[in-house]
Amino acid sequence: MVDPQQLRLALREWASGVTIVTSRSGASVHGMTVSAFASVSLVPPLVLVCADKASSTQAVIAEGGVFAVHVLGAEQQALSDLFADEAREDRRFEGLAWRSGATGAPILPGAVAVLDCRVEGAHDAGDHVIYVGRVAAVERAGGEPLLYHRGAYRGLASG
Ligand SMILES: Cc1cc2nc3c(=O)[nH]c(=O)nc-3n(C[C@H](O)[C@H](O)[C@H](O)COP(=O)(O)O)c2cc1C
């Protein structure tokens with residue numbers, strides 16, 4: 001049996017980008033910070049995110065069947081913190097100039113790329129659900145990405 005604390009420490013060595021995954025079910029919009037994002041297929045266009053079963057976002061994706069992945073830019077650390085902060089769970093969209101995407105999922109401003117998806121499959125995986133999304137629309141603004149490693153935000157080394 002692998003000790004969960006040892007697993008957590010090993011996984012901290014994995015460097016990743018940072019995304020915010022938003023969703024909508026009826027009038028309810030929600031979203032959270034997610035690093036467990038991956039590309040899956042170009043044709044058909046598929047991506048995946050892993051959502052904690054205990055998260056409110058997981059419940060909204062399950063109900064609404066849509067999600068939008070925002071690849072965060074280097075200047076968006078505060079937004080990443082906001083969308084990870086349980087204490088501010090109900091205030092995350094306050095003051096944000098968000099709009100509805102092609103699927104109805106909320107689209108936030110300022111991301112370096114956005115993938116607007118309809119749920120293609122939901123796979124039970126331990127304490128998470130793996131959502132495979134079919135990409136309905138993409139946006140790309142470019143810019144430097146926000147990175148995450150050993151519990152801290154990082155940037156690309158220049159050169
Ligand atoms: C850098 C970072 C990456 C995260 N990655 C994930 C993730 O991949 N999946 C997940 O379920 N939660 C992830 N979280 C935790 C959620 O963002 C956090 O638990 C959030 O408060 C859940 O919000 P909700 O319950 O309102 O949906 C991450 C947090 C941070 C700071």
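Atoms within a ligand are numbered from 1 in the order they appear, just like the ligands themselves.
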### Task
Check whether any side-chain heavy atom of I61 lies under 4.5 Å from a side-chain heavy atom of Q58, and answer yes or no.
no
### Query
So, do L146 and S80 sit near enough that their side-chain heavy atoms are less than 4.5 Å apart?
yes
### Message
Could you tell me if R24 and S100 have a donor-acceptor pair between their side chains, going purely by distance under 3.5 Å?
### Response
yes
### Flag side-chain contact, heavy atom, 4.5 Å: V49 against V69
yes
### Query
F37 and F67: aromatic ring centres closer than 6.0 Å?
no
## Note on the structure
Less than 4.0 Å from some atom of ligand 1, heavy atoms are found in residues H30, M32, T33, V34, S35, A36, C50, A51, D52, S55, S56, T57, F83, A84, E86, E89, R92, H128, Y148
### Message
Any heavy-atom pair between the side chains of L147 and L156 that's under 4.5 Å?
### Response
yes
